[in-house]
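Down below is the structure, laid out as structure tokens.
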Number of protein chains: 2
Amino acid sequence: MRLALIGFGVVGQSFAEIVSAQSAELSRTYGLRPRIVAIVDSKGAAVSPGGVDLPSALRAKKDSRSLGGLGGVYREGMSAIDVIREVDCEVVVEATPSDLTKGEPGLGHVRAAMKEARHVICVNKGPLALAMPALIELAGHNGVIFKFSGTVGGGTPVLDLAKKCLEGCTIDSIRGILNGTCNYILTKMSSEGVDMKDALSEAQRLGYAEADPTADVEGLDSACKLVITSNYVLGTSMSIRDVDVTGITGVTMEDISSAASEDKAVKLIGHVGDGARVAPETIPLTHPLNVSGTFNAITFDTDPAGEITLVGKGAGGRETASSVLRDLIEIRQDFAK
Amino acid sequence: MRLALIGFGVVGQSFAEIVSAQSAELSRTYGLRPRIVAIVDSKGAAVSPGGVDLPSALRAKKDSRSLGGLGGVYREGMSAIDVIREVDCEVVVEATPSDLTKGEPGLGHVRAAMKEARHVICVNKGPLALAMPALIELAGHNGVIFKFSGTVGGGTPVLDLAKKCLEGCTIDSIRGILNGTCNYILTKMSSEGVDMKDALSEAQRLGYAEADPTADVEGLDSACKLVITSNYVLGTSMSIRDVDVTGITGVTMEDISSAASEDKAVKLIGHVGDGARVAPETIPLTHPLNVSGTFNAITFDTDPAGEITLVGKGAGGRETASSVLRDLIEIRQDFAK
């Protein structure tokens, strides 16, 4: 199966590493022989119909932060849209950075790929947060498969659990801790008594938070993931604009102490059921959602199976790349049907 | 689809309730029209080729603790084996009480059903704890589907999560809190300082523990679930005899206090990876496995998706019956392929 990989950051590189390392096993276990025929970075694209040599691409990126070192196969100035239109492939993996206000450039890439009848695996939350219902319709119209497991929960199979493992149940509501950065900050404030500013600095130092942490601490990243989960699992047609969002910047040490005195913890919770909101809430210390550090957790309130909670790392290059691989295996299996 | 329901206890009755209440939805959503053509209780069987009237059967059971009140369709003295051999049906649901030493009568029922070329949904842990590899072979030999989702985690989709949602990952080890009774007792000892005897009495009073709690507190129930999970998910061929089992009866208040002083909790953990064991262990309070009360939790240690933990109710009639329904939907979908 021929893939174009758009975006060669942490997730894109991890995906290339996994494909390179596991090729024999993927072929044996799943009949999957992924061939990455193009990799697009910010300055151009490496294109090779026989498959870009992945160890060389990873080395070039590491040595010079660019794929230019690949030599002849690298075409400077070739854009993602050029690749999507001109390079023969079955699947486009969209892994450029998320933009939550306009969704670009990912949104344009996803649309172009679908119009060219390529299946799409999207790890970029932006296009989904803003235009998920339209993209699902466009995929159906063009007869392509559209997967996006890595947008919620990193490698933790949040969307798949709800869709594949709860048949026969109704899901009445969903609550989740969907942003590891906020959870790290709130956990640190609670367990060590440090204030928000210091907790955020520490999160940045450890690489859990971006230099500009706005999307995390203002709750927008959580809202994106809530929208994607709700649309996929509950069949809603929301965009991020339909979510009532409050971030964690107003949470004080007093809020945290007051909650602790009632055996509760302050967490940034995304909730969908009666309406959709993201806000700091208190939850009992003994509830399974009360996970610490950078963990993400999501609770599906089901009938008749009761409350079911899934916990895992919500980010990480290798973890998120494992979701891309899962999506690719599913596309392969859908082919075979 | 015609079903014979063997065993009409809490799970069997809950399943009949769900099938009765959701028949229109099951038909619409899954094309599933389950018709329960026989229900076996301890004294005989109700048999009706057009389908036993479920509200009447549930009422009869409630009023007189027997299906005798159903009148003409009830055949006193007709055994499960008679039903399996003589009543035309596609699926046998084995829901008699678990026996963990010989596996009977469930084991005989499952074998007979497979030999009669009936698909089997087993909610009884006994046959699987003792003879799972042989039963899987027998199912294959007879070309029938063998499902047992309800044996681990009640309604929480422990087995399905590992099998359906972690494609492309390797699972290196599994750890779980697999028995709600033990977890309730250990939680109560830890949070309220009551000793084991009183905690067990309270568990019995609340219906969480049996009058004879041996299988729970000695760790045998946890060991069964560990065996089933390991065989299904990791492809081992174990029986309960291969598990090194220590129950919770030796856990003292001192053990619990000592763990608490190190920010840890004592939990009965089933572990499979390097060997298979069930024993009280200490885990950090902040680990997602540290669930309280009657919750069950299981952690899959995966590569590259990291540690993934699923938490839910591990028991309950309606919850477990939802697993039977899931299995039935899958059998229906396998038919349709």
Side-chain angles (χ1 to χ4, degrees), chain A residues 14 17-18 22 25-26 29-30 32 149 153-161 163-170 187 191 284-289 291-293 295 297 299-300 302-313 316-326 328-330 333 337, chain B residues 14 17-18 22 25-26 29-30 32 149 153-161 163-170 187 191 284-289 291-293 295 297 299-300 302-313 316-326 328-330 333 337:
Chain A
S14 296
E17 278 168 17
I18 292 174
Q22 300 190 0
E25 198 188 326
L26 291 173
T29 311
Y30 302 103
L32 182 68
S149 300
T156 306
V158 170
L159 301 178
D160 278 353
L161 173 75
K163 201 76 164 199
K164 295 184 178 175
C165 300
L166 295 173
E167 286 167 326
C169 283
T170 55
T187 302
S191 63
L285 293 179
T286 54
H287 194 279
L289 264 189
V291 292
S292 64
F295 275 120
T299 299
F300 297 98
T302 81
D303 181 64
E307 274 188 13
I308 290 172
T309 303
L310 186 65
V311 183
K313 291 181 188 170
R318 273 177 61 76
E319 290 83 355
T320 306
S322 77
S323 281
V324 178
L325 181 59
R326 272 206 311 275
L328 190 63
I329 290 169
E330 293 231 332
Q333 288 169 344
K337 272 180 192 164
Chain B
S14 295
E17 279 168 17
I18 291 173
Q22 300 189 1
E25 198 189 325
L26 291 173
T29 311
Y30 302 103
L32 182 68
S149 300
T156 306
V158 170
L159 301 178
D160 278 353
L161 172 75
K163 201 76 164 201
K164 294 183 181 175
C165 301
L166 295 173
E167 287 167 327
C169 283
T170 55
T187 302
S191 63
L285 293 178
T286 53
H287 194 279
L289 264 188
V291 293
S292 64
F295 275 120
T299 299
F300 298 98
T302 80
D303 181 63
E307 274 189 13
I308 290 172
T309 303
L310 186 66
V311 183
K313 291 182 187 170
R318 273 177 61 77
E319 290 83 354
T320 307
S322 76
S323 281
V324 178
L325 181 59
R326 272 206 311 273
L328 190 63
I329 290 168
E330 293 231 331
Q333 288 169 342
K337 273 179 193 165

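Just so it is clear, the values below take in all heavy atoms, side chains as well, and ignore hydrogens, waters and symmetry mates. Lettering follows sequence order; numbering is per chain, from 1. Treat the numbers as computed from the prediction; the structure is a model and nothing was measured.
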- Message: Heavy-atom pairs under 4.5 Å with chain B: which of A:C165, A:S292, A:S322 has the most?
- Response: A:C165
- Message: Under the criterion side chain to side chain contact (heavy atoms under 4.5 Å, CB included), I'd like the reasoning laid out for B:D303 against A:R318: C-alpha separation, chi angles, the key distance, then a yes or no.
- Response: CA-CA 9 Å; B:D303 181 63; A:R318 273 177 61 76; 2.8 Å; yes
- Query: Taking every heavy-atom pair that is under 4.5 Å apart, which of B:P157, B:A305, B:S323, B:P304 has the most such pairs with chain A?
  - Reply: B:P304
- A:E167 CD to B:L32 CG distance, which is reported to the nearest 0.5 Å: 10.5 Å
- Message: Among residues at least two apart in sequence or on other chains, which ones pass side-chain hydrogen bond (donor to acceptor under 3.5 Å, both in side chains) with B:K164?
- Response: B:E330
- Query: Hey, which of A:T309, A:L161, A:I308 has the most heavy atom pairs under 4.5 Å with chain B?
  - Reply: A:T309
- Query: Do the side chain of A:R326 and the main chain of B:C169 share a donor and acceptor less than 3.5 angstrom apart?
  - Reply: no
- Item | chain B interface, residue from A:I329, A:T29, A:L325, A:I18 that has the most non-hydrogen pairs under 4.5 Å | A:I329
- Note on the structure: CG (A:L310) and CG (A:L159) are apart, to the nearest 0.5 Å, by 10.5 Å
- Which of A:E319, A:H287, A:E307 touches chain B most, by non-hydrogen pairs under 4.5 Å: A:E319
